[in-house]
Amino acid sequence: MAQEKKIMVVDDDEAMRAALFAALSRQGHEVEIFDNGEDALKSLGPGSRDLVISDVKMAPMDGMEFLGKLKKKVPDMPVIMITAFGTVAMAVSAMKKGASDFLLKPFSLDDLDACVQRAVTSRTLEEDAGTEGSKIVTGDPAFSGLIKVADRVAASKATVLILGESGTGKELLARRVHQKSGRDPLIAVNCAAIPDNLLESELMGFEKGAFTGAVKTRIGKFEAAGGGTILLDEVGELSPMLQAKLLRLLQEKVVERLGGDHTIPVDVRVIATTHRNLATMVQEGEFREDLYYRLNVIPLTIPPLRERPSDLMPLAEHFLDLYTEREGLQKPNLSAKAKEFIVQHDWPGNVREMENRLQRAILLCQNNEISEEDIVYGSDLIMENHDDFDPAPGATIRDMETKLIMATLESTGGNQTQAAKHLGISRRTLHNKLKILRIET
């Protein structure tokens, strides 16, 4: 069963509300229903829901107006639009306004569940790709210079390749480039977390009847991002087949839906990010050289946090401000030992690790002061202590693998990309192992 989510359903049809409530509740989700957009908007705030499902045809506020107002209030909220009168043009319009997906009535429970999983997974991936706060905090000369370059090229159509270790803020920089480009919308796709057989249809879309289960035409992310920007996170994980299709798209600026017999022109600005060394992958035959040069028009490499000592304390203060305000708490002080730890720690998980540790420390601290123990609580890097992995007689390989994966995930604050790097496997391999082992992360 999928992890439980808080889902808001907005529909003026009582029967549809009841059906959605029953179907989603059976999947273990916490569901709240509204019969109009006005009341739904009043109830909605940052972090209050994981997903919103809304009808298009509603009164007095229709679904498209509701979608627009919702996105202004909570920009990162995934929204699925449902309608009995859908067209490809309407789907494109909804996606450009920020909808995560578009579901045509009548639909099956499998269609609904798949749509929900895509939407909530997409949000999780976006959160994994960057840090919680939207502000880039830096006084580091190298990073500051990089931001100036990003700002200068933002208005162009040139492809941007953002490189850097996991947790350095690649998605934040990508969003800054998009925001200053004047383009709309921005659609993000994590290439490492979607299986190859699904990723192609997710990116390119498909025609009705293209494969078993394709009962309706569905536009892909590139088509939906027309006029805007598509962010391809972890582009280094693309399979050779998808690398070839992406190359053709960049060269010819057209997409062809799966099962289609014609091409569709697209005006999309591509921003790609990866923690991998694409130049090395080219030399080793793992990444196409021609695609590498197509992506590497404007390369931006973010320095890791260990190379930005002047950013350590400003970032720490930023996260203290962010999370004390969010939790409604008084901002605590950092003890001398806590400050010493922040300055001396090498931060292998980069900005995301700092954010994770300080968010937890705010909740653990006593007497309004954060100690060193509050910051390191539950986060000792397990890879530094191999004694914990002494195989006991009778232990199976599966037992040890499970223990290692769980401990590594704990050490990275649940960050699967960073955990995969520590384990020496790909993000996709870790994702598959978690599915097989049924570990909730």
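Since this is a predicted model, take the numbers as computed values, not measurements.
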Inset, instruction - Report yes or no: does W347 contribute a side-chain atom to a donor-acceptor pair with the main-chain N or O of I342 at less than 3.5 Å? - result: yes
Legend entry - Crowding at NZ, K331 (>12 non-hydrogen neighbours, <6.0 Å): yes
Legend entry - By ring-ring contact (aromatic ring centres under 6.0 Å, His included) - contacts of Y292 (at least two apart): none
Legend entry - Check: E237 main-chain N/O paired with R276 side-chain donor or acceptor under 3.5 Å: no
Legend entry - Rounded distance [0.5 Å steps], SG in C191 versus CG in L231: 8.5 Å
Legend entry - Approximate separation, where rounding is to 0.5 Å, of L146 CG and I162 CD1: 8.0 Å
Inset, instruction - Would you check if the side chain of D311 reaches a backbone N or O of G139 as a donor-acceptor pair within less than 3.5 Å? - result: yes
Inset, instruction - Check the pair L322 / L358 against side-chain contact (heavy atoms from CB on, under 4.5 Å), numbers first and verdict last. - result: CA-CA 10 Å; L322 177 69; L358 289 177; over 6 Å; no
Legend entry - CA sep, side-chain torsions, deciding dist, call: F287, Q243, side-chain contact (heavy atoms from CB on, under 4.5 Å): CA-CA 8 Å; F287 201 83; Q243 290 178 33; 3.6 Å; yes
Inset, instruction - Kindly indicate whether the side chain of K245, heavy atoms from C-beta on, has any atom under 4.5 Å from the side chain of L203. - result: no
Legend entry - Minimum heavy-atom distance R306-P309, with the two atoms named: O-CD, 4.3 Å
Inset, instruction - Establish, from distance only, whether the side-chain atoms of N350 and T168 form a donor-acceptor pair under 3.5 Å. - result: no
Legend entry - Exceeds 12 heavy-atom contacts within 6.0 angstrom, atom CD of E284: yes
Inset, instruction - May I ask you to test the L161-V297 pair for a side-chain heavy-atom distance under 4.5 Å? - result: no
Inset, instruction - Give, for atom CD1 of I370 and atom CG of L364, the distance between the pair rounded to the nearest 0.5 Å. - result: 9.0 Å
Inset, instruction - Check whether any side-chain N or O of N367 sits under 3.5 Å from a backbone N or O of E369 as a donor-acceptor pair, and report yes or no. - result: no
Legend entry - Flag, side chain of S181 to backbone of A155, donor-acceptor distance under 3.5 Å: no
Legend entry - Residue of the set L249, I230, L250 for which side chain to side chain contact (heavy atoms under 4.5 Å, CB included) holds with V268: I230
Legend entry - side chain to side chain donor-acceptor pair (under 3.5 Å) against Q251, all qualifying residues, sequence neighbours excluded: none
Legend entry - Residue pair L24 / I53, side-chain heavy-atom distance below 4.5 Å: yes
Inset, instruction - Locate the shortest heavy-atom distance separating C115 from L103; write the atom from each residue and the value. - result: SG-CD1, 4.3 Å
Inset, instruction - Evaluate the side-chain proximity of D50 to I7: yes if any heavy-atom separation is below 4.5 Å, no if none is. - result: no
Inset, instruction - Determine yes or no for a side-chain-to-main-chain donor-acceptor pair under 3.5 angstrom, with D267 supplying the side chain and G226 the backbone. - result: no
Legend entry - Residue pair I271 / L186, side-chain heavy-atom distance below 4.5 Å: no
Legend entry - E234 side chain to N190 backbone, donor-acceptor under 3.5 Å: no
Legend entry - Donor-acceptor pair, side chain of K170 and main chain of E165, under 3.5 angstrom: yes
Inset, instruction - Could you tell me the separation between the CG atom of D101 and the CD atom of E202, rounded to the nearest 0.5 Å? - result: 7.0 Å
Inset, instruction - Output the distance between atom NE2 (H275) and atom CD1 (I302), rounded to the nearest 0.5 Å. - result: 14.0 Å
Legend entry - Contact check, side chains of T274 and L163, non-hydrogen atoms, under 4.5 Å: yes
Inset, instruction - For a side chain to side chain contact (heavy atoms under 4.5 Å, CB included) with I80, tell me which candidate from L51, V52, L112 qualifies. - result: L51
Inset, instruction - Could you tell me whether the side chain of S201 and the main chain of L198 form a donor-acceptor pair under 3.5 Å? - result: yes
Legend entry - Smallest separation among heavy atoms of S54 and G63, with atom names: OG-CA, 4.2 Å
Inset, instruction - Take L67 and V56 through the side-chain contact (heavy atoms from CB on, under 4.5 Å) test and state the conclusion after the steps. - result: CA-CA 9 Å; L67 173 62; V56 172; over 6 Å; no
Legend entry - Exceeds 12 heavy-atom contacts within 6.0 angstrom, atom OH of Y293: no
Inset, instruction - Give a yes or no on whether a salt bridge exists between E30 and R49, defined as a side-chain N under 4.0 angstrom from a carboxylate O. - result: no
Legend entry - Contact summary for P332 and L320, nearest pair of heavy atoms: O-CD1, 4.2 Å
Inset, instruction - Please tell me if the side chains of V270 and F222 come closer than 4.5 Å, counting only heavy atoms from C-beta onward. - result: yes
Legend entry - Residue pair V116, K5: steps toward the side-chain contact (heavy atoms from CB on, under 4.5 Å) verdict: CA-CA 10 Å; V116 168; K5 298 294 180 182; 5.8 Å; no
Legend entry - For the student: nearest non-hydrogen atoms of M81 and V79, plus distance: SD-CG1, 3.7 Å
Legend entry - Result of checking H178, E171, Q179 against R175 for side chain to side chain donor-acceptor pair (under 3.5 Å): E171
Legend entry - Point-to-point distance, once rounded to the nearest 0.5 Å, from CG of L404 to CG of L409: 9.5 Å
Inset, instruction - Would you indicate whether the side-chain heavy atoms of N277 and Q283 approach each other to under 4.5 Å? - result: no
Legend entry - Inter- and intrachain pairs under side-chain hydrogen bond (donor to acceptor under 3.5 Å, both in side chains), touching residues 142-152, at least two apart: D151-R176
Inset, instruction - Decide if atom NZ of K216 counts as having more than 12 heavy atoms of other residues, nucleotides or ligands within a radius under 6.0 Å. - result: yes
Legend entry - Closest non-hydrogen atom pair, E207 against R257: OE2-NH1, 3.1 Å
Inset, instruction - Mark yes or no for whether R269, through its side chain, and A154, through its backbone, hold a donor-acceptor pair below 3.5 Å. - result: yes
Inset, instruction - Count the heavy atoms of every other residue, nucleotide or ligand shown that sit under 6.0 Å from CD of E317, and state whether that count exceeds 12. - result: yes
